[in-house]
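Please read these numbers as outputs of a predicted model, since none were measured by experiment.
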Amino acid sequence: MLLTITTTHQPATDLGYLLHKNPARLQSVDIAYGQAHIFYPEATAERCTAALLLDIDPVALVRNHRGPAGEGFALEQYVNDRPYAASSFMSTALVKAFNTAMNGTCKDRPDLPDTLLPLEATVAALPATNASQLQRLFAPLGYEIDTEAHPLDPTVPAWGDSRYFTLRLRHPALRLRDLLSHLYVLISVLDNDKHYYIGQAEADKLLHRGGDWLPQHPDREFITRRYLRNLREYVDPTLERLLAGEEADPTTASPPSPLSQGEEELDSSISSSNQSDLELDLKASSPSPWERGLGGEAVVEKLSLHDLRLNRVAEEIRRLGAKRVLDLGCGEGKLVRRLLKIPHIEHILGMDVSHRELQRAHERLHIVEMPPRQRERLTLVQGSLLYHDPRLSGYDAAAVVEVIEHLDENRLAAFEQVVFARARPGAVLVTTPNADYNQRYETLSAGEFRHQDHRFEWTRAQFEAWAAGVAERHGYRVRMEPLGPEVEEVGAPSQLAVFER
């Protein structure tokens with residue numbers, strides 16, 4: 001499986017900055033059942049080409065039951081196109097190899113990801129029903145398209161062409177991250193035998209990667225159905241969210257972020273040697289109030305960074321004396337569970353963009369089994385933080401825990417309007433990762449994020465500058481606070497801003 005991306009932008013070697021891959025050397029990354037190799041066949045100031053080559057182990061596919069099911073014919077598990085044709089393996093390799101580029105981040109050249117480049121991409125051996133299907137999918141996105149059909153057997157012309165094509169795409173002015181997102185989604189759409197499980201997470205990924213262009217695509221329904229394998233329980237809600245984005249305020253640039261906005265960083269992205277940074281020893285002789293449970297009893301000796309954040313936010317809300325509280329991006333309800341233990345809180349509204357996360361919150365909070373009075377204290381609703389929602393008005397405090405980094409930076413102005421200008425709670429607590437601290441994680445390359453769905457990660461100075469601007473524009477005062485063990489020069493792993501009116 002081979003994908004090449006070429007630009008004639010001057011200097012063309014800026015492609016190396018965008019992809020975060022040095023043109024001077026071969027780089028390889030492990031993927032499911034094989035490796036992806038990244039190299040540059042050409043790299044001059046006039047023309048630069050980056051290549052992604054997949055080397056899939058067909059024996060491992062059979063051994064681990066990730067190849068075709070064998071329903072087509074007896075030996076299909078052993079005789080198939082998985083090692084040779086572009087498929088869902090190519091899509092996952094794009095994220096693995098070019099995650100930084102797909103998130104629109106370039107640490108050394110921060111303005112470069114938004115630059116419109118002349119781009120050409122070639123995908124070898126892409127399966128399709130016919131050439132017109134490729135035109136239907138890619139032409140609405142502004143590409144000039146060339147396709148080359150491959151015969152079933154060059155020595156037997158009578159057999160005709162196979163279902164595989166070499167696809168060449170050309171665009172005169174496009175952001176690289178848009179090209180990568182188009183390929184990520186549409187290669188999976190063309191693959192009708194995906195190697196991974198389809199669930200709500202895949203629906204969220206589709207909206208995450210396609211949210212900027214999929215709602216306007218004339219074949220959005222076909223794309224959604226094929227990407228989600230025609231599983232109606234995921235297709236229908238996803239299409240509803242796409243249509244909701246079309247009907248939103250036209251002055252807003254993009255539809256809502258599809259992510260479960262309270263999603264925490266994946267611990268698996270951090271090496272085991274750094275677990276001391278994520279599991280904090282709180283067995284101190286004089287623990288501070290946030291190192292204890294909300295009732296004052298001592299907590300367990302080891303506390304994860306995520307639990308530390310939630311405990312600190314809950315403790316601050318308790319200190320503020322807030323009676324009506326918003327948990328924006330509530331996820332499965334971990335903060336809600338802590339807030340329900342604070343007696344003076346009269347009502348909690350938890351909101352999340354993901355239907356699945358809200359369902360999990362209902363299950364994990366055992367809402368059906370709650371006493372009626374306790375149940376009346378809690379409301380869970382689906383909604384986006386990028387569109388005005390009158391349900392958010394009239395609250396004393398709002399918690400936004402590990403949410404903003406899942407939004408595109410150009411959508412933060414909409415988030416600011418929704419929360420600080422329209423809802424205007426008495427206090428707003430925002431946490432986000434501290435990018436300064438990322439160098440402490442051995443498995444993170446320079447410029448790489450802690451989670452594949454993060455759109456940015458801010459340094460302490462960047463977060464403080466944003467918070468100060470928001471406070472000044474909307475009549476709040478703000479104070480900053482580190483979260484987690486502080487290390488000289490890089491600070492703590494996470495950071496908190498407390499806004500008060």
Side-chain angles (χ1 to χ4, degrees), residues 88 91-92 95 137 181-182 184-192 194 196-250 252-264 327-334 336 349-365 367-368 378-392 403 406-408 411 414-415 418 451-453 455:
S88 58
S91 292
T92 55
V95 174
L137 292 178
S181 294
H182 298 159
Y184 172 85
V185 172
L186 296 180
I187 288 175
S188 286
V189 167
L190 290 163
D191 179 16
N192 227 6
K194 297 179 179 62
Y196 50 75
Y197 172 78
I198 299 295
Q200 183 58 46
E202 285 306 309
D204 289 342
K205 287 178 185 177
L206 173 61
L207 285 166
H208 174 36
R209 298 300 180 188
D212 290 333
W213 55 271
L214 186 53
Q216 291 78 40
H217 199 291
D219 272 328
R220 62 173 175 252
E221 183 172 344
F222 171 78
I223 292 171
T224 303
R225 293 189 183 282
R226 281 289 292 263
Y227 187 93
L228 298 174
R229 296 292 299 273
N230 291 304
L231 295 175
R232 189 169 182 176
E233 62 182 303
Y234 303 116
V235 170
D236 291 348
T238 302
L239 286 171
E240 287 177 11
R241 289 162 67 182
L242 285 173
L243 293 174
E246 284 191 342
E247 296 166 0
D249 184 351
T252 304
S254 303
S257 169
L259 298 171
S260 173
Q261 294 176 335
E263 187 175 13
E264 61 191 272
D327 182 4
L328 303 177
C330 64
E332 62 186 42
K334 292 181 179 181
V336 168
L349 186 145
M351 189 174 83
D352 201 279
V353 75
S354 168
H355 295 281
R356 176 58 182 157
E357 287 298 295
L358 291 172
Q359 182 181 347
R360 292 175 66 185
H362 272 275
E363 296 169 355
R364 298 195 175 194
L365 293 170
I367 290 178
V368 174
L378 175 62
T379 302
L380 297 179
V381 299
Q382 191 274 336
S384 168
L385 294 181
L386 300 179
Y387 298 97
H388 171 57
D389 192 331
R391 296 174 297 183
L392 304 185
V403 170
H406 291 278
L407 308 176
D408 287 322
R411 299 182 185 181
F415 164 80
V418 168
H451 191 283
Q452 66 178 7
D453 285 329
R455 312 314 297 273

Peer 1: Looking at Pro237 and Arg232, what are the two nearest heavy atoms and their distance?
Peer 2: CD-O, 3.8 Å
Peer 1: Just how far is it from atom CG of Asp212 to atom CG of Leu207, taken to the nearest 0.5 Å?
Peer 2: 11.0 Å
Peer 1: Any side-chain heavy-atom pair from Thr379 and Arg391 closer than 4.5 angstrom?
Peer 2: no
Peer 1: Tell me, do Asn230 and Val235 make a side-chain contact under 4.5 Å, heavy atoms counted?
Peer 2: no
Peer 1: Ignoring hydrogens, what is the shortest heavy-atom contact between Thr238 and Ala203? Give both atom names and the distance.
Peer 2: OG1-CB, 3.4 Å
Peer 1: Quick one: closest heavy-atom pair of Val95 and Tyr184, and the distance?
Peer 2: CG2-CE1, 3.2 Å
Peer 1: Could you give the distance from CG (Leu190) to CZ (Arg226), rounded to the nearest 0.5 Å?
Peer 2: 6.5 Å
Peer 1: Are the side chains of Asp204 and Val353 in touch, meaning some heavy atoms are under 4.5 Å apart?
Peer 2: no
Peer 1: Any chance you could measure Arg241, atom CZ, to Leu206, atom CG, to the nearest 0.5 Å?
Peer 2: 9.5 Å
Peer 1: Could you verify whether a donor N or O on one side chain and an acceptor N or O on the other, from Ser91 and Ser188, lie under 3.5 Å apart?
Peer 2: yes
Peer 1: Between CZ of Arg364 and NZ of Lys334, what distance do you get to the nearest 0.5 Å?
Peer 2: 7.0 Å
Peer 1: Looking just at side-chain N and O atoms, do His406 and Arg411 make a donor-acceptor pair shorter than 3.5 Å?
Peer 2: no
Peer 1: Out of curiosity, Gln359 CD to Gln382 CD, how far, rounded to the nearest 0.5 Å?
Peer 2: 13.0 Å
Peer 1: Side chains of Arg229 and Tyr234: closer than 4.5 Å at any heavy-atom pair?
Peer 2: no
Peer 1: Could you tell me if the side chain of Leu328 sits less than 4.5 Å from the side chain of Val403, heavy atoms only?
Peer 2: no
Peer 1: Output all residues satisfying side-chain hydrogen bond (donor to acceptor under 3.5 Å, both in side chains) with Glu221, sequence neighbours left out; order by chain, then residue number.
Peer 2: Arg225
Peer 1: By salt bridge (charged side-chain N to carboxylate O under 4.0 Å, His left out), which residues pair with Arg360, not counting sequence neighbours?
Peer 2: Glu332, Glu357
Peer 1: Shortest non-hydrogen contact from Tyr227 to Val185?
Peer 2: CD1-O, 3.9 Å
Peer 1: Has Arg455 got a side-chain atom pairing as donor or acceptor with Asp408's backbone, closer than 3.5 angstrom?
Peer 2: no
Peer 1: When you measure from the side chain of Arg209 to the backbone N and O of Ser181, does any donor-acceptor pair fall under 3.5 Å?
Peer 2: no
Peer 1: Measuring only between side-chain heavy atoms, which start at C-beta, is Ile223 closer than 4.5 Å to Leu137?
Peer 2: yes
Peer 1: Side-chain contact, heavy-atom cut-off 4.5 Å: Leu349 with Cys330?
Peer 2: no
Peer 1: With a 3.5 Å distance limit and no angle check, can you tell me whether His362 reaches the backbone of Ile367 through a side-chain donor-acceptor pair?
Peer 2: no
